[in-house]
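Inspection log for the structure reproduced underneath, given as structure tokens.
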Amino acid sequence: MSEKTAQINAGSEFPGRVAFLDGRGDLPMIEVSTRWSNAEIYLHGAHVTHFKRKDESPLLFLSQCSRFAEDNPIRGGVPVIFPWFGPREGLGQHGFARVKSWELKEFASAPDGSVSVRFRLPESPDAAAFPPFAADYVVTVSQSLALHLIITNLSKDRDFVFENCLHTYFAVGDVTAISISGLQGMNYLDKVTSFLEKTETSDAIRIASEVDRIYLNTTGTVEIKDPRLGRRIRIDKEGSASTVVWNPWVAKSQQMSDFGNEEYEQMVCVESGNVASNSLTLAPGASSSLKVILSSETLK
Ligand code: TA6
């Protein structure tokens with residue numbers, strides 16, 4: 001496929017650029033450039049794999065060992081987890097949305113120069129067990145990265161029960177030096193200790209071993225302070241009651257063939273969604289909206 005570049009809003013002061021390219025594994029990829037930042041999004045999983053502000057290092061971690069192939073999830077960036085989170089008897093982990101090729105519906109640039117790209121999950125046999133639904137995903141690239149997942153229950157008579165999660169992999173300078181705030185006092189299920197329920201006592205969570213926690217009933221902003229890269233990452237969200245914090249550490253890293261053995265040192269997942277006891281039930285015709293805004297600033 002040749003490069004097709006659409007100069008959108010040619011008349012506006014800050015034209016945004018959207019380019020259609022052959023990405024890794026020859027998977028179709030959209031490159032978005034704005035006056036502040038650039039991003040890369042694969043139709044495969046509607047997967048944002050790269051976001052970088054002009055004055056900073058990349059915000060998202062992408063494994064050097066990631067596969068870029070149909071039916072395989074991409075390791076890094078922002079996997080879209082839907083319609084279930086975690087394992088499910090006889091089915092793949094973390095739903096099927098992340099391994100499907102989404103349809104590009106439209107892209108547009110706002111007068112300020114931010115660029116939005118909308119995707120729709122095509123119908124698939126994998127969804128047979130669920131009521132009919134529509135899944136739309138809008139990625140907006142500007143000074144920050146905004147991600148908006150809209151699920152609509154198209155059934156006339158069945159409730160739609162599902163989980164969703166934007167499983168963001170953040171790039172960090174040294175995972176042992178970062179601290180995560182905004183979850184103090186929240187209850188969480190600790191997957192490392194067989195989902196034992198615990199309460200977070202710290203407002204500066206540190207990573208010094210495998211961490212895999214589902215924080216429940218938490219709707220607030222979470223921040224990652226990264227002294228090595230000299231920045232604070234801010235995760236604002238709407239329509240999300242769960243936050244998942246994950247770092248595979250040493251042993252799990254060695255078990256993952258699409259992840260480097262030392263890469264755990266450069267990443268942390270802080271994920272926003274509705275999982276476990278926070279799963280959603282949509283009445284016929286109803287819609288849910290999960291919105292996450294990822295931004296960063298230099299540490300003073
Ligand atoms: O979100 C954390 C988690 O559920 C971990 O338990 C770990 O399995 C991670 O997701 C990655 O899952 P994946 O299926 O992408 O290997």
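Both counts, for ligands and for their atoms, begin at 1 and track the order of listing. The structure presented is a predicted model; accordingly, all values stated were derived computationally and were not measured. Sequence positions, counted from 1, serve as the residue numbers for this chain.
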Query raised in the report: How are the rings of Trp246 and Phe259 set relative to one another: parallel (under 30°), tilted (30 to 60°) or perpendicular (over 60°)?
Result: tilted
Query - Flag, side chain of Tyr264 to backbone of Val175, donor-acceptor distance under 3.5 Å - result: no
Query raised in the report: Which of the numbered atoms in ligand 1 are below 4.0 angstrom from a heavy atom of Asp212?
Result: 2 (C), 5 (C), 6 (O)
Report task. Counting heavy atoms only, name the option from Gln93, His94, Arg75 that's nearest to atom 8 (O) of ligand 1. Result -> Gln93
**Report entry** Numbered atoms of ligand 1 (with element) below 4.0 Å of Glu271, judged on heavy atoms
**Finding:** 1 (O), 2 (C)
Query - Side chain, backbone, both or neither: Arg213 near ligand 1, heavy atoms under 4.0 Å - result: neither
Query raised in the report: Does Gln255 come within less than 4.0 angstrom of ligand 1, counting non-hydrogen atoms of the residue?
Result: no
Requested in this report: Over 60° means perpendicular and under 30° means parallel, so classify the ring planes of Phe82 and Phe133, tilted if in between.
Outcome: perpendicular
Report task. Describe, in one word, how the ring planes of Phe61 and Tyr169 are oriented to each other, choosing from parallel (under 30°), tilted (30 to 60°) and perpendicular (over 60°). Result -> parallel
Query raised in the report: Side chains of Arg67 and Ser257: is there a donor and an acceptor less than 3.5 Å apart?
Result: yes
Query raised in the report: Hey, does Trp246 come in under 3.5 Å of ligand 1, counting only N/O atoms on both sides?
Result: no
